[in-house]
Enquirer: 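The structure's right below; bear with me while I get my questions together.
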Amino acid sequence: MFERQSALAGVLAATAQSAIGGAKSLWIGEVRGWSLVQIAAFPSTLAELEQAVKAILGLGLPPRIGEVVDAGTRRILKTGAEQFWIIGPAMEDPAPRFQAAVAPQVGAVTPLSHSRTRIFVEGAAAREVLARAIPLDFHPEVFAIARFVLTGVHHTPVLVHRSAAERYEIYAMRTFAQSVWDWLTDAALPFGYEVVPPAA
C-alpha cells in the first residue's frame, strides 16, 4: 500500500518552528492524519443517500451549501446541490463503508484524501491576511464559525473553513498546495508568523 506523503514536506522541513517577520501574531501549518471522502447523489436519489449517511454516521446531511454538521469525530460539509464532503481521522476513513452502501444508481463515492492539502492559519490577524487575496467578507458576523466557502486564491480553487474564532483551514488541491502556501506565508509576513510542525 502506498504511503501518503505531504505536498509540503520539503518546505515544512525547512521552516518548521521558525518565527518569521515582526511581532508574532499568526501560526501557520499543515493538518495531517485526516481523511476526505466526497459523496454525491442524483436529484432524485438524495433521500436515499441521506439514509445511507444516517445508517453509517448516525446523522443527517446539512441542508444548505456552506453548512457543516458534526458527526462525532467527522464533519459533513455540503459543497454542492447533491454533493458532500465527509472529513475525519485517517484511521476512521468511511470511504469503504460508503462504497458498499451507496449503489451506482443512487450516487458516487470518491475518496479525495490524497488529492487535497489542508493548511491552517490561526491568530488575531488571520482574517485580515486571507482578505488580501480572497474576495470574501471575513467579518465574524458574516463568515461565522463552522461556515465554509468554495472560492479561489489567485485563480487557484480552494475551500476555506472557519473552524474556530481565529482559525481558518484551507483545503487546496495537492497540485497547487505549494503556491497556496507561498502566497499565505508571503501575505502573513507583515504580521509576523510561526510555522507549526505537523502533529501527525
Side-chain angles (χ1 to χ4, degrees), residues 1-9 12 16 27-42 45-122 144-150 157-177 180-181 196-200:
M1 186 173 185
F2 292 109
E3 183 181 350
R4 182 174 170 185
Q5 287 221 313
S6 167
L8 299 175
L12 285 169
W27 290 263
I28 299 173
E30 180 189 9
V31 180
R32 294 188 186 171
W34 57 283
S35 66
L36 168 61
V37 58
Q38 177 176 283
I39 58 173
F42 303 104
T45 61
L46 183 57
E48 292 178 73
L49 182 70
E50 183 154 24
Q51 287 178 354
V53 171
K54 285 182 178 179
I56 294 172
L57 301 182
L59 209 61
L61 296 169
R64 286 176 289 276
I65 295 172
E67 291 192 347
V68 180
V69 169
D70 286 325
T73 57
R74 299 189 184 95
R75 285 178 173 150
I76 308 173
L77 289 65
K78 183 164 186 171
T79 57
E82 292 89 31
Q83 182 174 287
F84 305 85
W85 278 12
I86 300 173
I87 300 167
M91 65 184 67
E92 300 173 12
D93 186 354
R97 295 176 67 189
F98 276 107
Q99 288 169 330
V102 179
Q105 62 268 26
V106 172
V109 178
T110 310
L112 294 177
S113 302
H114 290 74
S115 71
R116 297 293 190 278
T117 297
R118 185 175 170 185
I119 300 167
F120 73 85
V121 55
E122 187 170 10
I145 296 171
R147 295 285 295 182
F148 75 90
V149 67
L150 293 159
V158 295
L159 184 149
V160 180
H161 176 218
R162 187 180 178 202
S163 58
E166 294 184 344
R167 180 182 172 104
Y168 298 83
E169 298 185 357
I170 303 169
Y171 294 80
M173 287 190 286
R174 181 182 176 88
T175 314
F176 300 111
V180 172
W181 177 271
V196 180

Enquirer: Restricting to non-hydrogen atoms, name the atom on Ile119 and the atom on Ala177 that form the minimum distance, rounded to 0.1 Å.
Expert: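 The answer is CD1-O, 4.1 Å.
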Enquirer: Is it the case that the side chain of Ser113 and the backbone of Ser35 share a donor-acceptor pair, with hydrogens and angles ignored and the cut-off at 3.5 Å?
Expert: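 Not at all, since once roles are kept as given, no pair shorter than 3.5 Å links the two residues.
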Enquirer: Please report the interatomic distance CD1(Ile170) to CH2(Trp181), rounded to the nearest 0.5 Å.
Expert: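 Here the rounded value is 10.0 Å.
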Enquirer: Identify the two heavy atoms, one from Leu59 and one from Asp70, that lie closest to each other, and give their separation to 0.1 Å.
Expert: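 That closest heavy-atom pairing would be CD2-O, 2.8 Å.
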Enquirer: Can you give me the closest heavy-atom contact between Ser163 and Arg75, atom names plus distance?
Expert: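 Smallest heavy-atom distance, with atoms named: CB-NH1, 4.1 Å.
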Enquirer: Could I get the full list of side chain to side chain donor-acceptor pair (under 3.5 Å) partners for Arg147, not counting sequence neighbours?
Expert: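 If we apply the side chain to side chain donor-acceptor pair (under 3.5 Å) test to Arg147, skipping adjacent residues, there are no hits.
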Enquirer: Between Glu30 and Ser6, which heavy-atom pair has the shortest distance, and what is it?
Expert: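 Heavy atoms of Glu30 and Ser6 come nearest at OE1-OG, 2.7 Å.
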Enquirer: As an exercise, state the distance from CD1 of Ile65 to OG1 of Thr79, rounded to the nearest 0.5 Å.
Expert: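 Those atoms lie 8.0 Å apart.
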Enquirer: Please check if the distance between the ring centroids of Trp85 and Phe148 is under 6.0 Å.
Expert: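 Centroid distance Trp85-Phe148: not below 6.0 Å, so no.
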Enquirer: Please check if the side chain of Arg97 supplies one atom and the backbone of Leu57 the other of a donor-acceptor pair under 3.5 Å.
Expert: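 Judged by distance alone, no pair lies under 3.5 Å.
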Enquirer: Between atom CE of Met173 and atom OG1 of Thr117, what is the distance when rounded to the nearest 0.5 Å?
Expert: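 If we round to the nearest 0.5 Å, Met173:CE and Thr117:OG1 are 10.5 Å apart.
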Enquirer: Can you sort out the partners of Glu82 under side chain to side chain donor-acceptor pair (under 3.5 Å), two or more places apart, ordered by chain and number?
Expert: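 Not a single residue meets the side chain to side chain donor-acceptor pair (under 3.5 Å) criterion with Glu82.
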Enquirer: With sequence neighbours excluded, tell me which residues meet salt bridge (Lys or Arg N to Asp or Glu O under 4.0 Å) with Arg162.
Expert: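 Checked Arg162 against salt bridge (Lys or Arg N to Asp or Glu O under 4.0 Å); zero matches.
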Enquirer: Where do Ala172 and Val180 come nearest, in terms of heavy atoms and distance?
Expert: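 Scanning both residues completely, I find the closest heavy atoms to be CB-CG2, 4.0 Å.
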Enquirer: What's the shortest heavy-atom distance between Pro62 and Lys78, and which atoms?
Expert: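 Smallest heavy-atom distance, with atoms named: O-CD, 3.3 Å.
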